[in-house]
Each structure stands twice: as C-alpha cells, then as structure tokens.
J.: 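First the structure, which I've put down as structure tokens, then a few questions once you've had a look.
Within every chain, numbering begins at 1; the chains are lettered A, B, ... in the order of the sequence lines, protein sequences first and strands thereafter. When reading the values below, keep in mind they use all heavy atoms of this one structure, side chains included, and skip hydrogens, waters and symmetry mates.
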There are 4 protein chains.
Amino acid sequence: MSDKPWGGRFREKTAGEVEDFTCSLHFDRRLYRQDIAGSMAHARMLAKQGILSQSEAAAIIQGLAEIRQEIESGEFVFDPAMEDIHMAIEARLSAKIGDLGGKLHTARSRNDQVALDVRLYLAEEVEGLLEDLIELRRSAARLARRYFGLIMPGYTHLQRAQPVLFTHHMLAYDEMWRRDMSRLQESLPRIKVSPLGAAALAGTTFPIDPHVTAAELGFADVFRNSLDAVSDRDFILEFLAHAALIMVHLSRLAEELILWSSSEFGFVEIADAYATGSSIMPQKKNPDVAELIRGKTGRVAGHLMGLLMTLKGLPLTYNRDLQEDKEPLFDAVDTVRSSVQLMAGMLEGLKLKPERLNAALHGGYLSATDMADYLVNQGLPFRTAHEQVGRLVGYAEFQGKELWELSLEEIQRFASQAGPDIFDWLKIDNVVARRTSPGGTAPARVEEALKKVEKELGL
Amino acid sequence: MSDKPWGGRFREKTAGEVEDFTCSLHFDRRLYRQDIAGSMAHARMLAKQGILSQSEAAAIIQGLAEIRQEIESGEFVFDPAMEDIHMAIEARLSAKIGDLGGKLHTARSRNDQVALDVRLYLAEEVEGLLEDLIELRRSAARLARRYFGLIMPGYTHLQRAQPVLFTHHMLAYDEMWRRDMSRLQESLPRIKVSPLGAAALAGTTFPIDPHVTAAELGFADVFRNSLDAVSDRDFILEFLAHAALIMVHLSRLAEELILWSSSEFGFVEIADAYATGSSIMPQKKNPDVAELIRGKTGRVAGHLMGLLMTLKGLPLTYNRDLQEDKEPLFDAVDTVRSSVQLMAGMLEGLKLKPERLNAALHGGYLSATDMADYLVNQGLPFRTAHEQVGRLVGYAEFQGKELWELSLEEIQRFASQAGPDIFDWLKIDNVVARRTSPGGTAPARVEEALKKVEKELGL
Amino acid sequence: MSDKPWGGRFREKTAGEVEDFTCSLHFDRRLYRQDIAGSMAHARMLAKQGILSQSEAAAIIQGLAEIRQEIESGEFVFDPAMEDIHMAIEARLSAKIGDLGGKLHTARSRNDQVALDVRLYLAEEVEGLLEDLIELRRSAARLARRYFGLIMPGYTHLQRAQPVLFTHHMLAYDEMWRRDMSRLQESLPRIKVSPLGAAALAGTTFPIDPHVTAAELGFADVFRNSLDAVSDRDFILEFLAHAALIMVHLSRLAEELILWSSSEFGFVEIADAYATGSSIMPQKKNPDVAELIRGKTGRVAGHLMGLLMTLKGLPLTYNRDLQEDKEPLFDAVDTVRSSVQLMAGMLEGLKLKPERLNAALHGGYLSATDMADYLVNQGLPFRTAHEQVGRLVGYAEFQGKELWELSLEEIQRFASQAGPDIFDWLKIDNVVARRTSPGGTAPARVEEALKKVEKELGL
Amino acid sequence: MSDKPWGGRFREKTAGEVEDFTCSLHFDRRLYRQDIAGSMAHARMLAKQGILSQSEAAAIIQGLAEIRQEIESGEFVFDPAMEDIHMAIEARLSAKIGDLGGKLHTARSRNDQVALDVRLYLAEEVEGLLEDLIELRRSAARLARRYFGLIMPGYTHLQRAQPVLFTHHMLAYDEMWRRDMSRLQESLPRIKVSPLGAAALAGTTFPIDPHVTAAELGFADVFRNSLDAVSDRDFILEFLAHAALIMVHLSRLAEELILWSSSEFGFVEIADAYATGSSIMPQKKNPDVAELIRGKTGRVAGHLMGLLMTLKGLPLTYNRDLQEDKEPLFDAVDTVRSSVQLMAGMLEGLKLKPERLNAALHGGYLSATDMADYLVNQGLPFRTAHEQVGRLVGYAEFQGKELWELSLEEIQRFASQAGPDIFDWLKIDNVVARRTSPGGTAPARVEEALKKVEKELGL
C-alpha cells in the first residue's frame, strides 16, 4: 500500500471516494509558489545548519526552481492521486532528483509546511488588498474633489434630515476604509510568523534554526510554541472578520449607489461599463456591479461564520477539520479584492446629476433644525423651539410650501419670536455653511478634511 | 455595443473586470441539462398554444438536443464572453438555427428561466439525497444488527451514565435521519413549482399555459404570482437549512467515531479505506474522513448564513444579488451528499471492539441509578435514595472497587435498606434488561425498534 | 453538600460564580406553565399505571395547581439558588406536600422533563404565530383590496421595469407568507412528540406508558428512542430556520416601506402611530418600526447560526451545551411574533399616495418591453426588436420625452415596422391589461388571485 | 401629542405595541453611568466654550450627580414610557432643574450621545477583559508550573502522536490568549474616539470643541467626519469578532477538559466547585462549566453574525436598525468575561492524574517518529525509514507490545540498520528531551518559555 507517503502500516487501499473527499489539490494548487519558496528557505536553512550539505541543498533548490517553471509554463501534470500541492511537488522533486528529494522532509512535516504556505499567501494578499484600498480611497477622494461644493440631503432613517456637502458624504466612507486599513496593517505581524520548525507538533530533534528560515522568507517573527504553531488558524479568522467588515462597508455604499441610480433618486449615473442591461426590457440600465458587491457581503460573512464553527471545540493540535480553512479564505480574498477594485472603478466613472441633487434639497424641510436653533438663540428652551417648528412644518406641508416660502406672519403664528432674519437661517447654503464644528459639513471644514485625506493618499 | 443581448441603449462597453465579476458561466454551466430541458418544454408549450408552429418548435428542440450532445461529448466551447449558461446555449442555438433561435425567448426572460433551472436541479438532487440517506440508514441498521446485544456505556456530559445497547445508540441516529428525510420530502412540493411564464416579472402578453410547461417537466405545481416567481429563493434557503441540520447530525456521529477511534476509548476501528496515515509519524491511523465531515458542517452552515444575509432587505423583484444563490447551493449539495455517502461507507466497514466496550462498563458506576431505584422500591423517597447511593459511590471510588465488588455489609453502611438481592440489581446486563419502557434500551424493545427500521428500509 | 439534588458524592460547594453561570432560572421561569402541565400529566400517568396511588397523584396535582396559582399571582419567590424552574417548582412542591413531592420524580429526569417543556412551549407559540401570520395576510389583503386598480412601477434591480398593479405586488408577499405557514404547519408534528419516559437517557425500569402522558398533553406522537429523546433539538433549529426566513420576508417588505416612505419615492405614508420623530429635527417622520423589523432579521438569523454552532460535534446524549437552546429560542419567538404583529398593524394603517405612484409611471419607459413584443408580432426576431427599442429609448431619453410623446415618424426612424397602432401598445393601462397570462398582472388575473386569497383568509 | 420629545408634527399617538417594540430602556439602562458621564463632560465643554454659563453647567452637573445617586440607590423610577435611558435621565433632569435641563441638549443629539455611551462602556469592558485574560493566563501558568515535567501524549487527529510536556501543552493556550490580548489592545484606540459634536449627523452651529469633551472623558481621539460618527458601529463588530475568537479558544480548552475528565481519558479531575451532579444518576460528576463555555461559543459567534447582517446594506447615516447593536454587545461582553473568569477558576483548581497520563504514554507508539529519525541518521531516506517503522508498528500492535518491548532481532527484521542504541531512542523521556528545537517540547526549551511567560505576567 506504499503509494501513499504514510502507507506502511495500512493493509487496505483508500477508497476512491475517500481520495476525492480528502484531496485538496484542486484548490491548494494555487499555493505552489508559496510552497516552493518555503521549501527553498527550508533547504537553505538545513544547509546552513549542516543538516544538508551545500550541494544537496543546491540540487534541491535547483529542482524546485524547475518545478516552479514547469507549473508556470503549464507543463506540470497535476495528478489527482496526490493528496495536495505539497505531495504533488514533493513527488515531482523525487522524480527529478531521486532520494535526495526525501531529505527535504527532514525536520519538517506537512503540518508546519501548510501553515507556512497559507501565511505566505495571506501576507501577500493583505498587502495587495491594502493597495487596493488605497486606490479605492483615491478614486473616492477624486470624486469628492470633482464635486466639491455640491449640496445634497443628508439622511437619517432614509429621510432627508439636514443638507450636507456631497464631499462630506464621500469622506464618511474614507473614514471606514482608513479603519479597515488600520485593522489589516495591525494584523500583518500576526500573519508574518513562521511556523516552520514546529514539525508535526512537538518540535524536532534536528539542530534547526527557525529564525534563519523566517528571515529568508521576509517574516519578522517565529512561532513560540510548536503545538500552537501547527493548529493556529487565528490569522485566517482575523482576516475573514476584517474582510467581512470591508464588505459591509462596501455594501452600504453599494446600497446608496443603487438607490441613487433609481429613477426616484436619480442622483447619479453609473458608467455604462459598470452597468448591464436586460435581455427582455430594452430600456433598463441596471447597477449590477453594485448589487453583486452588496450580495457578496453575505458570502464573505458566511465564510467567517463557517470557519468559526469549524474551529469550535477542536482539541489540540492539528485535526483534519483544519483543511477546511483554505477554500473560504481563498474565496474571501478574491471576493473582497475584486469588490474593492470594482468599487474604485465604479466611483471613477460615476457622474452626479447636480440638478437632481439640488431638487432634492426641497421638500424635506432640511432647515427645520436650524430654525429651532435660531429660536434657542432667541432664548427658547430647545424642546419648546422643537415643538413650535414641528407644528410649523406640519402647516407648511399642508400648504405645499417650503419654510422659506411662508410669510413672516405665517411663521410667527407658530413661532412668535421669529424675526425677519429667520429667512437667512432657512437658506440651505447657510445651513451647510454654519456647521463649522470640527468634523462638520461646512465647506471650510470639509476642505480641510479632504486636503488631509488627499495628502495621506499622495494626491 | 450589440454583442450583448441588451446592448441597444448602451454607448460604452462593459469593463473586462466587470464581465469577470458578473459572469456566472463557470459555475452555472452545470445547469446545462436543466436549461435545455426547460427550453424544450417551453418550446413544446409555445407550439401547443400556437405561438410557435410545430415545425419551428421541432427545429428548436432538435437544435437543443444537439447542443446537449455537444456539451456531453466535450465539443461545446464555453465562451467566457457569454454571461451565463443560458446565453451560452442561446447563442449556440442561434448559430445553429438562425433567427428562429431567438423565438425561444418569446414569453420568457432569464429571470423565470434561471429560477426554473435551479428548481429542476434541486428537485433532482433532493431526490438523490433522499436515496443517499436511505443508504446511510441501511448501513447503520446493518451495523446495528451486526452488533446486536453488545452493551456500551451511554453518556451524558461525556460521562458514563447508564449502560445501553450499542444498537440502541445507533438507532438514535436513525431517528435523526428519519426527521431529515421527512423535512426534505415535505420541501419537494415547494421546490417543484414551475416559475416559467412569469417572464421578466409581470407575466406576458402571449397566450401561454404554464401548466403545460410544468407537466412537461414533471412539476405538479405552477407559480401563482409572477413577481414572487422571479424573486423567490425560499426553496434554496429551506434546503440549506435542512442541509445544515443533516451536517450537524453527521458531525455528532463523526465526533463519536473520532472519540471511539482514540486510544483512550478504543471502541472501534475504522476501515483502512476510510482512514489515512501521517507523512511523518509511521504509527498513526487518522480518522480523516470523520474529521472532514465534522469540519464541513461549518461550511454548509456558513452558506446558509451567507444567503440569508444576501437576501435580507432586498426589495422586490429580481436583484442581481440573487445570482449569489447558486454557488453556495451547489457546494452545499455536493458537500452534504458526499458526506452522507462517505458516512455510509464508513459505517459499513466499521469494526467494534467488544472487549474494549466491555471494559468500559466498569469504572463508571453505571448501575448507580438502579440501586437508587431499588431503594425507592424499598420505600425510600427518591432524593434520599439518591443521596445514599451518591455517598456509597464516593466510598467505592475511594476503595477502587465496583459497586458489585463491595460486601453487603459495606453497602448497608450507607444504605441500610439494601438486602442480598441488591447484587442482582447491580449487574449491568440486568440494568439494561430492566429498561423495558417504550423507547428504552432493553433488548426486547430494541429488537422491536430495529425490526421496524429494517422493515422501513426494506432490509 | 446536600443542598443540591445531586450533592451526595460531592465534597466541595459549587462556587458562587459557577451557580450564576449555570443557573437558568432567570430565563426558563417562563416555562412554569408547561412544566406544571407536564408534571400533572406525568402524575396522572403514574397513577393510571399503578406506580402512584390515586390519592398520591391527586395530592401532587393539587400542590402543582396551587404553585401555578402562586406564580401567577406573584406570590411565588424565585430563589436563585435553585438551578432552574424545574428545581424551583419541585422544591416548592416538597415544601407543600413533603416527601410525596419527590415521588413525582419517579421514572422521569430533568433531561426528558426539560425537553418536554420546550416542546409544549414551542407548539403553543407556533400555533400563535400561525394566527399572527393569518392576521398579517388579512391586513395585507385588505390593503390590496383597498387600492385595487392602482398601478405602480414593478422593479427589477430597483429600476423601473414594467407597470404592475399595487395589489399584485402585495400578493407577492402573500405567497411568501403562505409558504411560511406551510413550513410551520409541517413542523408541528415534529414538535408535538412527547419525550417523557426517556428518563435520563436509557428509559426506565417502571411500567410507564408514554402514550398516556402524550395524550394528556394533546401530543399525537411519542419518542421512539430514549437517547434521541433527550438530546434532540432539531425542532428548535427547524423553528429558528423558519423564523429567520419569515424575518427575511418581513425585511424585504420593511425595506420597501422605508423606500416608499422616503421623499424620493413618496409612495406611502405610514400612520403616525407606527412612526417616530426626531428629538433634534422637528420635520422628521421616521419609519422606525420598519427599520427595527429589518434590523431584527440579523438577530434571529444570528440565533439560528449560534445554535447550529453550539450543536456541532456534540456526542450523544445530553450535554450541558444544550442549555443554550432556550434563550435564542425565546428571543426568536418574541421577535418574530411581534414583528409579524406590528407589520400587520402598519399595513392596516398604511396610506398610499396615488398621485405619486402615478407620476412614477413616467420616466422609466415602462412600456418598452411591450413595444418589443409589438415588433415581434410584426415578424421581427425578438433580439432585433429589443435592440431597436433600446436605441429608441436612448433617443427618447435624450429628448426628455416618454415613448408615447414621440411622433410616429420619430419612432419609425428606429423601428420601421411600427404603425399607428403602436401608441395603443405604449399606454401604461394597456401594458398592464395585456398581461393576462396565469399569475400575471392583468386586473382580471389579479382579481381572481385576490379573491382566492380572501377566501382562504375568510375575508 | 407632545409627550414625546419629537411630538410636534404628529397628530396621532404611538401605538402601545410600537412603544414596546421601539423601547430600549430595559436593556440600555445599564448605560446610565456612561450617559451621565458623557453629559457632564458635554456640560463642562459647553461652559468652557461660553455656550452655557458656569452656573448653568454647575446646576446641570449637580442634577446629573443626584440622578446617578438615585439610580444607584434604587430610588430612580424607570418609566417604560421613556424610549431609552437618555430620555429617562433627561426627563428626570428637567423635573429637577426645569427648562435648564433642556439646554444640555444644545449641540448634541441622541445619535452622537448614544454612540458615545456605547464607546465609554466598551472601552471599560475591554480593559476589564484584558485583566481577566491576564488572570486566566496566570492561572494557566501556575498550573503549567505546578505540573512541570509531567509528560502526556501530544495529539493530532485525536490520535496519540508524540509525547510532550503538559506544560508545553498549556503554553500553547497562552499563545492564543496573548494574541487575543494584542487584538483587544489594538482595538482600544478605535473605541476611544469621541463622537460627541457630530450632533444629528452634520455637525452643529454652536462653537463647540469636541477635543475638550474627549479629554474630559479620557479619550485620546475625536471623530473626523460627523456622518461617520453617528453611523459607525465598526468598533462593536470588531469587538464581537475578537470575542468570538476568544470563545473559540476557550471552546478548544473546554473540549479538552471535557475529554480529559471522561473515564476514558481520566487525565484530570475538575474541582467539585466547578462541576455539578445529576439529579437522577448518583455517581455522576459532570463538567458543566466547561460544557457551557463550549456551548456559549455559538452564542457569541451568533451575535457577531447577526450584527453583520443587520448592518449589511444600510445607507448612511443613522438608521433605527442600529439600535440592534446593544443587546448582542452586552450579552457578548457578559458571556466572554464570565467565561474567561470561570476558566481561570477551573484551571486554578484542576488536578492532574499523573498515573493516568503516564499510562497513556503506552499504546500509541509515540516514539515511532524518533525511530524513523534514527534510521535517517543511519543514512536511510526518510520515506524508506517511515515505511519500515510503519510495518514494525503493525507487527508490534499484532504482538500487543510496545516498540521497546520487542527484541533487537525482531526490530531488525523490519529495519536492518537498527543497532542496540535504538532502545535509547525509543524511551519516551528521551523522545521529549531530544526535541530541543526552538519552540519545541524539550524541558529546557519549555522552562525558557514558561519563565518568559511568568515574567510577562508578573509571576
């Protein structure tokens, strides 16, 4: 039964369906680069420590380099009988350089090897995602700059609440993405920890130096406990949580783009390149990309949830359940990266319709709060002012008028303290301009905020 | 821009990344059979209603049959520029039979077409899964029969509690699977509802008859509301919930198999064909299949969760978010079916170790409850009896003896009512045999229960 | 250490924090009615089987009735030292009727007792929820009737697609709720299974008759396997899945109500009784109830997920983890029932704004599909017709006109086959009226559908 | 309708069920301290900026201090007609100091107020949790020190793999908790960001200084964008993700404690204070606390999932859905803190059973890997060595012997290179001692690691 690297004590063959069920080659083959890089670093360390001779190490490294080349050129035959990418590469190495190939396994097991490969993979992807987020923030900042000065209704409960600058609205998303970036950056040192040298679970009898391997791979840190090293998947869960949160942020913006693209809002037009049509309704232009981003939020959160559940209650150390970590991770990485990239592209080509935004400043009584503030300034307690304005709004609505379209007399019927300067307070532009508190929507404040962001982003 | 079926009003090309992002061909191509069957049924209905001529319908059906043949023989070229399997087949049809191909689109949209395809697919898979579950129950029943009479500790809190027949234990799982089957069976009528005829969302102006199409496809029911027909994904969520519950059941049995395979329990030996070894530790035999089944429980529950989240808050009717329904569904179907099948295979080859099970009947004071029952029969209130036995157990533990190894005198020191017949009550076999209440573990009861199950399963 | 019913073998007291941690009295006290009903039925069965004398049973039942009375009048003192409601009631019973109280424990354990209580509770609540759903469907049907004939845009991708009757739209939700009801109804027989008689896990040595107890409690069915009886929580998971799906349905309608209440849509006005205002913005009227219903969807789905995770990988039979079933269940029941009830109330008071709905029929080119159908009738292949109309829509949009505001000459420039009868096809009323396919939006079809629903609901 | 602070424009009363549904007082009342602290800081800032006079601020602060006193002494009447704790306190303040109470609302809304309260609450709890984790790590380290030198089987796949020090095993958990702490610590600066001054959503017209308020509250940072400030719940999601991961870690240890407490493993005895008994089975001692911790992992992960779902797709800024953030947060905080505390207590009282651990070193062929290493040292390729040892293990198992119980002749029949020094390699103590690689299980390495941890923890 020795076609398996562990066949010695087995008397019966693995069932075919079992091979399919346990095989991970079809998804972990994407780790080939990391696997080869890890093996090369391991071989160099073994040589440095005198466990392999320099020429042995050189032959192994040469063999691995050739295999990488074979894979990248498409020559490499992925044999499904191999359980995983590690076996596939090892078998090929032995075919190329004979028994020496087996020596690469010295002081290493698949347990620490696979942990390393995933860490190498994720470190790279997180760095890529950080760049994607920078690009997204740049797209958003450019859009925010392009439409600086444009006023739109700010919403609470999807009801028009107070007028804000469109730029201010976009910068709210920048805050979310900055937090996303800070979380990802802080997670990197926890990802870049080399587990190589933990061997199967207990360390090894060979005089290895894990720091050498780590340094070869550009990892600053090394595992402290061999049992933890082979069973730790925290860094994956942590990433999935960050990814789910990024998707939630994108889903909020996607929802707004979908709303804004509707005939009812009509605030924006998404570029043709980011929309699709209907096979049956010739007039349709659908915000499919935004919808898919919103929809995929569930997918990524589902992966997080699934892996939490998989890990629940597992005793130490490695259990085969852990093999279930890779597919959700790969899919989450792909999904979140493409979603971020496409959102950037969509914002880049987004056109606002100033006349529709402008029209939306009417009809929501967006200066009502300011009228209450005005009455407070006249000495009324806020609650009384609030109630008077509430009644006035009811009256205006019934008349089908804006507050500023009422006569002073009408206004005074509800708010006797109001003087002629009230009309100045009711102007939308002034409502925006007066909100000069730090972080507020007054143009001067928003200009400061945008400049800061542009500087951070090198714009 | 007319390379898209909806390109008429678009002035700009879809971005390449957008095509990749929105494309579903790589996963929905597995629906080709259902798509073609649905189209054939639609064509027949159109002909029956006089919307197409008989010869038009015949040409379309012939073309579709050829395409199916092309796909199954591997000749068909899947062009990634096609958005999905529906477009891929439609384009090929038009290439084969010209403009007539387009007529198949009469009174149908992709919205009702895709809903139908998924329903056809799932109906088939649920029926397959029901058969898988029957097979699993048969394997379990055969195992239960094979070891009839064998006693093992029943556990609560993973502490030995009372002795039970192994067969009784296996039949507990049969109950779960029976419930799983009843849920699946009840869901079928909600799956087998034809949405064809809802068109894009509002019905169609053509004189179609959806019942004809449904009958052609073997579906008993037809949608009642066109808006619901194109946006309903309940049947998928319902399946995912059932699938998650099946996986939870399997995970419980998998956990037990893993425990029982440990050196500490040592109750069973999994067949070599269902275990794997270690590449580094020559002595290992690992219950990988059981571990993977347990681990994949998270995966399926994650898919359920993800789709619930995707659907949350979607306004009617079709939104592109719904495209996210298929990948989790396909993966859940594949996962749950292979898990059920492999569990069946694993049980088939499972060997119990009677001597280890036997040994485990010692040391847990498994007859303590019966001694309390005995004292109740002597007139003691249950609580007093319970406390006396509790103290006796403490004494026996300290002496390192079983209850039946104590002298009557020792017993009476804690429970003065005990007479010499107490030893009869303490015998494990008798403990089991006395539990003759319906559903209890006495051999006669379990024999009845097993017979019933065997009959249900045609064994 | 005998202050606990299980203290016999323990030498050390339970730590105070441990008591708090393991205590369930603060949440399971709501099961007092079920617990007492179950105990009464158990006592009656014990008497019928001659295990208790009739007078013993009578005394126990009398004592339990008094305790119920004490709890309902507020006299009962819930002592947190009691682990759970079962202990609290049992202790009180013993205080009232002495040692006889302990006899109620004969042939029963907390494991089967607690399983029964939850089943009794859930059966009642599911029946209540079914009534709530009927009421909700009635409210929706009355609303649908009230506004029969009113046309609104049907949406896909939140883009206006084709005109539909508002009634048709509301009936789409009726379909969802019918399915919800059918799922709940089918689950009832799986809930109403009495586990009493499984005892701790293995059945009992007393000559009980579980069917008698079940009949006393109005349950049609009895457990078949004692191990399963004490560890089965499927019926809770099944309910949570149904509840999550009901919430998803409500969240979709809630989303629409929120959209429709916005200034931009302006289709409806929610009754003041179902809205709230802003403490700072006097003009606001917020759809809080709809938002909370939408928000609570996550809560219920989270409970489902949590319990799936809790159950994953638990070996048989009872494990204390299972105590975690009740809080999510109670909260899900409360949440889904109040959400359904409030949605009903909200629909009851909902006012539509016909003029706004009417205005929304313009601007979305809602008759574009029909113009394509018209061209197909003139002999064009659908794809060609689709493309011609797509271009015409682009032209009309540029001109700021509806399709029916174009001249025939303009139309013919894009679609040469169009004749003067095209204008008839473009009229929105006609677009709706022509969709007479089964399940379609034509008034005649919708009238049929509404009548059917009204009949089902006894309206 | 002016019994509500926003009643001005409403003509109809809120329905009673709606009040219940929207009311949060029953759960947010636990924020009273934070709410009062936030209000005091706000009042001081308003005074400092000249918006209130010093005497006004003093009166407000005095009133608030009295209210806090009233709440803490139990005098305060929580009126369910108040929507939330903010309203309850504000109403009481106005009752005490009249119209002046209303001035506290200047430049603040409930939106920024509630966001602040939750941040204050969570910052405190995270700091408390960090201390809990320190205590847990100390308990674990003391346990690790107490049993230093004790050898146990290390497991992969729950199969005995290689011998390790018990101390080494415990230190694996220390690694997890260190990571948990680093994540929590890094999250603190994102929690301690004052949102006060964002007002309803757009900032305020008053000349406030948010930095003053923040400094008063001990927060280092201040919001940058007002829209984000009122709608950001990232810090809650981030905490829930960290909490779920902590629970996963605890669930793994809980699982091990449950396994180790079983008769089959028998490695440990949990202190009576942390176990419970059975009401029916007198001999039982159940690891309830460990089971509940494991079970509650689902609960916390469910809360995470639920809130992710609630937030998905919400447009900016505040939506009432966000009210659903507090219950899961409060429950997660309580659950994770008590779980950590109880785990610490349980480890403190844990007794190991050296003789059982010792016995477990037999029977798993734990030195098989080392024998393979030995053969590699003799020049065999690892794969060949692995296979020879695999066969030898099969033979030994069949003979019912340990490897070291075989004769050299028997050994050589499978591994001809083996010499008499092989017996030295097979000794379990030596197997452990030889694993001197960094992070490995050799006593010297583990002593280093434990010392480091003890130092970190001030032990």
J.: Rounded to the nearest 0.5 Å, how far does OG1 of T276(A) lie from NE2 of H157(C)?
T.: 6.0 Å

J.: Tell me, yes or no, whether the heavy-atom count around K353(C) atom NZ, taken from other residues, nucleotides or ligands under 6.0 Å, exceeds 12.
T.: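 Yes.
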
J.: If you take all heavy atoms of T310(C) and K312(A), which pair is closest and at what distance?
T.: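 Result for this residue pair: O-NZ, 3.0 Å.
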
J.: Hey, does P287(C) have a side-chain heavy atom less than 4.5 Å from the side chain of Q159(A)?
T.: yes

J.: Sort L403(A) into side chain, backbone, both or neither according to what part of it lies under 4.5 angstrom from a heavy atom of chain C.
T.: neither

J.: Measuring from E291(A):CD to L158(C):CG, what's the distance to the nearest 0.5 Å?
T.: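 Going from the CD atom of E291(A) to the CG atom of L158(C) covers 8.0 Å.
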
J.: Would you call M305(C) and M309(A) a side-chain contact if the rule is heavy atoms closer than 4.5 Å?
T.: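 A side-chain contact under 4.5 Å exists here.
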
J.: Counting C-beta onward and ignoring hydrogens, is there a side-chain heavy-atom pair between Y155(C) and E264(A) closer than 4.5 Å?
T.: yes

J.: If you count heavy-atom pairs under 4.5 Å with chain C, which of A385(A), S262(A), P153(A), A360(A) comes out on top?
T.: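 Of the options given, most contacts go to S262(A).
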
J.: If you round to the nearest 0.5 Å, how far is CG of L366(A) from OG of S263(C)?
T.: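 Between S263(C) OG and L366(A) CG, I get 8.0 Å after rounding to 0.5 Å.
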
J.: With side-chain contact (heavy atoms from CB on, under 4.5 Å) as the criterion, how do E255(A) and E255(C) come out once you've worked through the C-alpha distance, each side chain's angles and the decisive distance to 0.1 Å?
T.: CA-CA 12 Å; E255(A) 171 86 3; E255(C) 171 87 3; 2.8 Å; yes

J.: State, yes or no, whether a side-chain contact exists between L259(C) and L259(A) at a heavy-atom distance under 4.5 Å.
T.: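 Side-chain contact under 4.5 Å: yes.
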
J.: Looking at chain A, which one of G363(C), G313(C), A161(C), G364(C) has the largest number of heavy-atom pairs inside 4.5 Å, strictly under?
T.: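 That would be A161(C).
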
J.: Who among D370(C), V389(C), L392(C), L314(C) has the most heavy-atom pairs with chain A under 4.5 Å?
T.: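 The residue among D370(C), V389(C), L392(C), L314(C) with the greatest pair count is V389(C).
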
J.: As an exercise: rank A290(A), A359(A), S261(A) by heavy-atom pairs under 4.5 Å with chain C and give me the winner.
T.: S261(A)

